[in-house]
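The model shown is predicted, which means the values in this text are computed figures rather than measured ones.
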Protein chains: 2
Amino acid sequence: MALEHAILVSLLEQPGSGYELARRFDRSIGRFWTATHQQIYRVLRRMEADGWIAAEEVAQDGRPDKKVYSAAGAGRAALADWLREPVEPETVRHELAVKIRAAAFDDPAALISEVERHREGHAALLSRYLHGEQRDFPDLDALDTAQELQYVVLRGGIEYERMTLAWLDEVLATLRRLANGGEGGGGDQDGGGVQSSDDRV
Amino acid sequence: MALEHAILVSLLEQPGSGYELARRFDRSIGRFWTATHQQIYRVLRRMEADGWIAAEEVAQDGRPDKKVYSAAGAGRAALADWLREPVEPETVRHELAVKIRAAAFDDPAALISEVERHREGHAALLSRYLHGEQRDFPDLDALDTAQELQYVVLRGGIEYERMTLAWLDEVLATLRRLANGGEGGGGDQDGGGVQSSDDRV
DNA sequence: ATTGCCTATGCAATTCGTTGCATAGCAGGA
DNA sequence: TCCTGCTATGCAACGAATTGCATAGGCAAT
């Protein structure tokens, strides 16, 4: 599990309450690590008990009190240990890819609007990233260590979205071609196709 | 949950036992949906109880018996229903990206070998994909529906790996630059940097 | 001979993640 | 005025996923 480490990084970059962390995970960090507020609160309590982070109660006018957490020495040490462990292979859950292959056994045309919707989401995200690049990194020659690393991660997000957009266009072209050609609802290919071994792509 | 649907697609493309499915999920399908054998066996039993799939006991010489599953009519119908549901946003767990940002609070140089190892893995996967493209799709003008869709998903895998390789090279360049410049172990940036709002990228 | 690995399936325990609900005051619009 | 929505935290229950272990025969190399 690395949620605690993702939280540590976020708190090192800037202290905050559980609620604020949940919002960060919905926005920026959420693109490479998702978490609900429930998960975050639970892990924060455990991390505080383990001495990884320290909490400070902050009274607010009008709003409920909040507990602002910041990373403690033990947390920083735990993060350093974790950094030296090997990265486990990513667990991928690409639902859209599963659906695209599933469309062969139903009607490919039924997927088109869904893929278009997906494409809009990625286009919006890309433009948000590009906007953030302009705003937060206007001068690439004047970045400190933390900013350099944040920037290269953002670059990854940008290139990922560009690639995804291009790929979704390919997917749409394929689906439209199949929808025009084989009318009648599909579903009766045998599916064996050219491939026979478990080692197929 | 969509593991059952990923299994259905795999069984429609080709029937197989739980063990064979686990191997497919380690190899081909594993790139967009990962699952352990435990998950697969559990879900297979549930799917059989629900009538989504049918099992046939197959005796083997030398090896234990195996149960070969294939998709049933109810399974195919369930897949069609699922296809028409909206795709939930992907839950991303990009551990390496977290580590890259974490490196700002420790020693960036400590990550270099890890990123290199990661890069090798992606390079190997790309070459496996390209090999599979040559082998399974030699003639792009003679594909049926299922093959067209398998091909466009493979294309996505190829472009993803290409993009990732280019990005990892960027990451390595950044890490090496930081390792040569700021010697001494880092860890003392304030981390606040240019960014102050939760809306940052 | 023994060790280790591969096929093939499964139980049990634990941890992780999700969903629904609850509290509680304040702000803004219909 | 009522309703909705936002900040802020949390409990309880359930379902999903992971991890460790077990069985059991065969195969290949040491």
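Ring geometry for B:W52 versus B:H5: interplanar angle of 30 to 60°, hence tilted.
Under 4.0 angstrom from either OP1 or OP2 of D:dT9 there lies at least one side-chain N or O belonging to A:Y41. Close to C:dG17, at under 4.0 Å from its OP1 or OP2, lies a side-chain N or O of B:R93. Put simply, A:Y19 has no side-chain N or O that comes within less than 4.0 Å of OP1 or OP2 on D:dT9. Phosphate contact (OP1/OP2 of C:dT18, side-chain N/O of A:Q39, threshold under 4.0 Å): present. Listed pair B:S17 / C:dT9 meets the phosphate criterion, a side-chain N or O lying under 4.0 Å from OP1 or OP2.
For the pair B:R45 CZ and C:dT9 C1', the computed distance is 8 Å after rounding to whole Å. Taking atom CG on B:L21 and atom C1' on C:dT9, their separation rounds to 13 Å, with Å as the unit. Rounded to a whole Å, the CG atom of A:L3 is 16 Å from the C1' atom of D:dT18. Separating the NZ atom of A:K66 from the C1' atom of C:dG25 is a distance of 16 Å, rounded to the nearest angstrom. Atoms OH (A:Y69) and C1' (D:dT9) sit 9 Å apart, rounded to a whole Å. Following rounding to the nearest Å, B:E56 (CD) and C:dT9 (C1') show an atom-to-atom distance of 18 Å. Regarding B:E20, its CD atom lies at a distance of 14 Å from the C1' atom of C:dC6, rounded to whole Å. Distance CD (A:E4) to C1' (C:dC16): 11 Å, rounded to an integer number of Å.
A donor and an acceptor atom, one from each side chain of A:E13 and A:Q150, are located under 3.5 Å apart. Side-chain contact of B:Y151 with B:E133: a donor-acceptor pair under 3.5 Å is present, judged by distance alone.
With A:R76 as the partner, the side chain to side chain contact (heavy atoms under 4.5 Å, CB included) test is satisfied by one option alone out of A:L12, A:L8, A:D81: A:L12.
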Residues A:K67, A:S17; criterion side chain to side chain contact (heavy atoms under 4.5 Å, CB included); working and verdict
CA-CA 5 Å; A:K67 284 165 83 174; A:S17 70; 5.8 Å; no

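Among the nucleotides D:dT9, C:dT18, C:dT9, the one closest to any side-chain atom of B:K67 is C:dT9.
Each of B:G18 and B:R42 was assigned the nucleotide of DNA chain C with the nearest heavy atom; the assignment lying further toward the 5' end belongs to B:G18.
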